[in-house]
Amino acid sequence: MTSSLRDGVKSKTQPVRDTAISALDRPVPAGVNAAQFGSDVAADALRALNIPYIALNPGASYRGLHDSIVNYLGNERPQMLLCLHEESAVAIAHGYAKVTGKAMGAAVHSNVGLMHATMAIFNAWCDRMPMVILGATGPVDAVKRRPWIDWIHTARDQGALVRGYTKWDDQPASPVAAREAVLRAGWIANTAPRGPTYVNLDAGMQEEKLPDAVAPIDAQRFMPEVESAAPAAMVAKAADLLRAAKHPVILAGRVSRDLDAWNQRVALAELVGARVVTDLKIGASFPTDHPLHAGAPGGTVLAPEAAEAIRAGDVILSLDWVDIAGTLKNAGGNATAKFVQVSVDHRLHNGWSMDYQGLPPVDVIIDCEPDVAVPALLAALGPAKPHLVPTRIEPFKPAGDKLTVDHLAVALHRAVGERATSLTHISLSWNGAIWPFRHPLDFLGGDGGGGVGGGPGISVGAALALKGSGRLPVAVCGDGDFLMGVTALWTAAHYNIPLLIVVANNRSFFNDELHQERVARVRNRPVENRWIGQRISEPDIDLASMARAQGAQGFGPVTAVHDLDATFAKAIAAVDAGRVAVVDVRVEPGYAAPVTAIMTRTSD
Ligand SMILES: Cc1ncc(C[n+]2csc(CCOP(=O)(O)OP(=O)(O)O)c2C)c(N)n1
Ligand SMILES: [Mg+2]
């Protein structure tokens with residue numbers, strides 16, 4: 001791991017390979033040093049992408065490529081990370097990208113593996129995270145197909161399964177075309193707006209013996225680093241607006257994990273005196289205990305202070321905010337403010353997925369990434385003022401003595417103390433007021449697409465990227481989320497990726513209990529029935545045993561507030577010793593009062 005990760009990931013740095021991981025799954029030397037088959041050429045291109053790992057679940061459609069990675073590349077750069085489900089393979093690549101900003105690889109078998117992978121690909125797409133997904137089809141040439149199995153695993157247009165939520169896909173017809181496709185897939189995935197790409201390698205092409213040696217190319221020249229610049233005229237207009245603003249607001253949205261860029265955002269907010277709003281859907285973008293931060297960060301529900309700041313704002317600067325129109329609606333509207341949008345996201349929008357959200361009013365658009373626009377705005381606005389002193393947030397005191405998610409969060413925060421910690425995932429029940437974020441890696445954001453089950457895999461991928469950085473990776477998952485993605489933990493256990501997962505176990509798909517309550521209220525039917533078809537009990541599931549079954553260390557169930565501290569201390573010690581630790585905390589069902597009020601309201 002590069003030392004810069006300790007201070008903030010430079011978006012252009014790649015973690016170096018972890019020697020404990022690279023010592024695993026070593027093949028006997030195959031003595032192969034020249035490409036002989038179609039898939040060897042694709043493997044060469046994969047190596048040129050400079051990705052350390054490819055998370056996969058195997059399948060005959062890509063047995064050619066599988067052999068090339070093991071016996072031609074020697075299972076390094078990329079090294080295979082075996083996963084028990086395609087959804088976790090893709091989620092691991094997603095989590096890795098959340099930390100590094102860079103694409104990892106994932107490989108999934110034919111149409112069926114890709115079908116398993118779809119939800120995780122959608123999550124990564126909505127989260128604008130890069131990854132290169134390699135897939136395969138049975139032989140396109142029907143003459144080469146094995147009876148039955150190759151026929152069911154061959155589809156006319158396999159990429160169509162994921163085309164609505166990938167940036168680009170291809171099915172190259174020759175080894176040289178496959179090389180080009182893999183390079184293009186890496187280049188497009190890593191270029192903003194980032195996202196998953198998919199290359200479908202014909203089994204026949206992979207297994208074809210090369211008639212002649214393929215002439216080498218200088219692969220890096222085919223993947224130029226794309227640096228976009230902030231258009232000067234638009235920066236000047238935005239700076240004029242901000243300079244004249246009396247109540248400026250910054251919506252700090254999708255930004256990098258870079259610490260310099262973080263500090264520049266703080267400088268900009270301080271220079272213009274803007275209130276800043278952040279969002280739990282995405283990674284930390286601004287210190288949440290800074291005096292200019294408006295209220296606690298929220299997800300679907302805005303803190304009252306944030307809503308008030310937005311309503312009162314005269315100039316609102318969005319740094320690639322996920323949903324300007326929806327946020328305005330939630331805040332109660334603002335018909336007079338001028339909007340400045342900094343984003344390249346519009347380049348990605350398509351007709352399949354509406355994750356682009358409502359069309360917002362925009363008076364000035366700076367068509368580049370926020371990390372590029374903010375220094376340009378600072379330069380246009382003149383020297384920054386001295387830094388403000390951070391506010392002291394009063395310690396949060398959970399109400400009552402029944403164990404709630406708030407008790408869990410307070411005790412967990414106390415248990416990690418002052419050490420650098422990355423929250424790799426949070427539960428739907430999370431209360432943003434408890435845990436302040438002071439560094440871009442303190443919080444990595446949500447699953448992107450609202451696909452439950454991503455939490456464990458995303459956290460394994462993030463922990464992989466953080467390994468050796470000195471940061472403690474900690475995930476808080478709902479029990480529903482954990483149960484859907486639990487087998488991702490085996491991959492973490494096998495490859496010695498330390499990680500702490502705390503399960504906020506309310507023994508329910510509780511979010512949907514609130515939906516049923518709302519429907520019952522609207523229809524004047526008994527709300528007491530909201531739990532039916534939602535509760536995960538009788539029998540209660542032994543989550544610690546499920547963790548142990550994957551090779552992790554399982555703790556709990558913790559059922560009393562006074563047992564939290566000692567259990568978290570033991571679990572963190574296990575993570576420090578290199579283990580995956582899972583703590584099952586039995587929490588009372590329930591969300592924070594404002595969230596419950598909004599979810600169960602009877603009017604729109
Ligand atoms: C793949 C998928 N299935 C179903 C849903 C609908 N859904 C949204 S939240 C939720 C409950 C999740 O349960 P859990 O992780 O335990 O969190 P809790 O609501 O209990 O806090 C469900 C089923 C979804 N978003 N994604
Ligand atoms: Mg639950």
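As the structure lists them, so they are numbered: ligands from 1, and atoms in each ligand from 1.
One side chain, Thr404 or His407, offers a donor N or O that lies under 3.5 Å from an acceptor on the other. Between the side chains of Thr602 and Arg521, no donor N or O sits under 3.5 Å from an acceptor N or O.
Protein heavy atoms come within 4.0 Å of atom 24 (C) of ligand 1.
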Walk me through whether Ser427 and Val405 qualify under side-chain contact (heavy atoms from CB on, under 4.5 Å). CA-CA 9 Å; Ser427 60; Val405 184; 4.2 Å; yes
Could you go through the side-chain contact (heavy atoms from CB on, under 4.5 Å) check for Ile598 and Thr300 one step at a time? CA-CA 9 Å; Ile598 287 202; Thr300 38; over 6 Å; no
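Nearest heavy atoms, Lys102 versus Pro130: C-CG, 3.7 Å. Minimum heavy-atom separation, Ser429 to Gly590: CB-O, 4.2 Å.
Distance check for Ser429 against the Mg ion (ligand 2): none of its N/O/S atoms falls below 2.8 Å. Coordination check, Asp481 versus the Mg ion (ligand 2): failed, since every N/O/S atom of the residue sits at 2.8 Å or beyond. At least one N/O/S atom of Asn506, whether from backbone or side chain, sits less than 2.8 Å from the Mg ion (ligand 2).
Within the 4.0 Å heavy-atom criterion, the part of Asp512 lying near ligand 1 is the side chain and not the backbone. With a 4.0 Å cut-off on non-hydrogen atoms, Ser508 touches ligand 1 through its backbone and not its side chain. Under 4.0 Å from ligand 1, the heavy atoms of Leu428 that appear belong solely to its side chain.
To the nearest 0.5 Å, atom OG1 of residue Thr424 and atom CG of residue Leu441 are 11.5 Å apart. Considering CG of Asp447 and CD1 of Ile426, their distance stands at 10.0 Å, rounded to 0.5 Å.
A salt bridge links Arg438 with Asp289: the closest approach of a Lys/Arg side-chain nitrogen to an acidic carboxylate oxygen falls below 4.0 angstrom. Between Asp323 and Lys281 there is no salt bridge, since no side-chain nitrogen of the basic residue lies less than 4.0 Å from a carboxylate oxygen of the acidic one.
Within the 4.0 Å heavy-atom shell around ligand 1 one does not find Ser427. Contact between Gly453 and ligand 1 is absent, with no heavy atom of the residue lying under 4.0 Å from the ligand.
Polar contact with ligand 1: present for Gly480 (N/O pair, distance under 3.5 Å). Considering backbone and side-chain N/O atoms, Val452 comes within less than 3.5 Å of an N/O atom of ligand 1. On a distance-only criterion, Asn511 and ligand 1 share at least one N/O pair closer than 3.5 Å. The distance criterion of under 3.5 Å between nitrogen or oxygen atoms is met by Gly450 with respect to ligand 1.
Of all the listed residues (Phe509, Tyr591, Phe122), Phe509 holds the heavy atom that lies closest to atom 13 (O) of ligand 1.
When distances from the Mg ion (ligand 2) to the N, O or S atoms of Asp479 are compared, OD1 comes out shortest.
In Ile532, the CD1 atom is crowded: over 12 heavy atoms of neighbouring residues, nucleotides or ligands sit closer than 6.0 Å.
Every atom of ligand 1 is numbered from 1 in the order shown, and the set under 4.0 Å from a heavy atom of Met119 is 1 (C). Close contacts of ligand 1 with Asn506, meaning ligand atoms under 4.0 Å from a residue heavy atom, involve 18 (P), 20 (O), 21 (O).
His109 has its ring centre less than 6.0 Å from the ring centre of His153.
Nearest protein neighbour of atom 15 (O) of ligand 1, counting heavy atoms only, is Asp481 N, 3.0 Å. In this structure, the protein non-hydrogen atom closest to atom 3 (N) of ligand 1 is Met484 CE, 4.2 Å.
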